[in-house]
Amino acid sequence: LAKTTQPISMDSYEGQEVNITCSHNNIATNDYITWYQQFPSQGPRFIIQGYKTKVTNEVASLFIPADRKSSTLSLPRVSLSDTAVYYCLVGRFYNQGGKLIFGQGTELSVKP
Amino acid sequence: GAVVSQHPSWVICKSGTSVKIECRSLDFQATTMFWYRQFPKQSLMLMATSNEGSKATYEQGVEKDKFLINHASLTLSTLTVTSAHPEDSSFYICSAKGTNEKLFFGSGTQLSVL
């Protein structure tokens, strides 16, 4: 299972763009990269998923370089409600027995 | 999007009693569900993988006789904490595998053992 490394914490202000980078040097060929958001006392919420290049949805963008050894979650114009822990996960589970392991996550604090 | 319902949201029990937590996939069939636990200010720790119709696979260090998992249908998995003790107090979260390698999570259950 590919191990991920993220900054433990980040601070930002409302309206700014936030980029959180995750390192996953031993990512396997068939691994996907997925980001989740978690608020206190809640289950994680899916944000975005990608395999290579760039993926964009209504809430975020995910940038993945050609070597796939890292990925960057980009949150445009954050608000106070984006204060949460963000987890980068790498893995696949097409076959029985596959699973996703959570790393430490990045605690994002958005200030007014 | 896919919805995973988890009940109860919180439970308080006496030491030595058992507690059952339910996890349901509401609008999709989940052949595989996962159970995590989370202590305050820490990340989620995978406890076990639950496959419909077969025995759960537990992670190293997780006592299978203490944390009983049943996945009897494609939409329901249950976790029973048997003979609970204060050290079992934690936030338990279930998840179900949807399509395209996405995991959908329940809202979690806060267990407090007195």
Side-chain angles (χ1 to χ4, degrees), chain A residues 1-9 22 27-52 55 57-60 62 64 71 84-109, chain B residues 1-10 21 23-25 30-60 62 71 90-112:
Chain A
L1 296 169
K3 181 180 178 180
T4 59
T5 303
Q6 306 172 231
I8 294 175
S9 64
C22 177
I27 187 171
T29 302
N30 294 324
D31 284 344
Y32 284 84
I33 301 161
T34 313
W35 285 79
Y36 288 87
Q37 175 194 55
Q38 186 183 29
F39 297 111
S41 299
Q42 293 187 27
R45 182 176 73 100
F46 173 87
I47 301 175
I48 198 166
Q49 183 181 72
Y51 182 80
K52 61 180 180 180
V55 179
N57 62 21
E58 63 275 10
V59 298
L62 178 59
I64 305 169
S71 59
V85 178
Y86 293 81
Y87 293 98
C88 161
L89 284 82
V90 175
R92 60 170 297 189
F93 39 92
Y94 287 123
N95 301 316
Q96 190 177 34
K99 52 196 175 186
L100 287 180
I101 304 298
F102 280 77
Q104 284 304 108
T106 297
E107 187 170 9
L108 173 65
S109 176
Chain B
V3 178
V4 174
S5 175
Q6 185 173 343
H7 292 281
S9 298
W10 56 270
I21 302 170
C23 180
R24 296 180 184 271
S25 56
T31 56
T32 303
M33 291 186 175
F34 302 88
W35 287 94
Y36 293 82
R37 68 186 298 183
Q38 185 176 32
F39 293 107
K41 296 293 185 180
Q42 295 187 22
S43 183
L44 285 77
M45 182 189 78
L46 180 65
M47 298 176 67
T49 301
S50 167
N51 292 295
E52 187 268 336
S54 63
K55 291 183 178 180
T57 303
Y58 291 82
E59 294 299 302
Q60 189 173 10
V62 178
H71 193 161
S90 185
F91 191 56
Y92 293 87
I93 310 169
C94 71
S95 64
K97 182 177 79 72
T99 58
N100 298 325
E101 305 303 305
K102 294 178 184 177
L103 272 187
F104 298 97
F105 288 83
S107 54
T109 298
Q110 182 63 53
L111 170 63
S112 296

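Not measured: the values here are computed from a predicted model.
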Under 4.5 Å to a heavy atom of chain A? For B:L46 that would be side chain

When the 4.5 angstrom heavy-atom criterion is applied to B:Q42 and chain A, the contacting part is backbone

Hey, is CD on A:Q104 packed in by over 12 heavy atoms from elsewhere, all under 6.0 Å?
no

message = Less than 6.0 angstrom separating the ring centers of B:F105 and A:F102, yes or no?
response = yes

Residue set satisfying ring-ring contact (aromatic ring centres under 6.0 Å, His included) with B:Y58, at least two apart, ordered chain then number -> none

task: For the pair B:I93 and B:Q38, evaluate side-chain contact (heavy atoms from CB on, under 4.5 Å) and give the outcome as yes or no after the intermediate values.
output: CA-CA 8 Å; B:I93 310 169; B:Q38 185 176 32; 3.7 Å; yes

In terms of heavy-atom pairs under 4.5 Å with chain B, the winner among A:G105, A:G103, A:P40 is A:G103

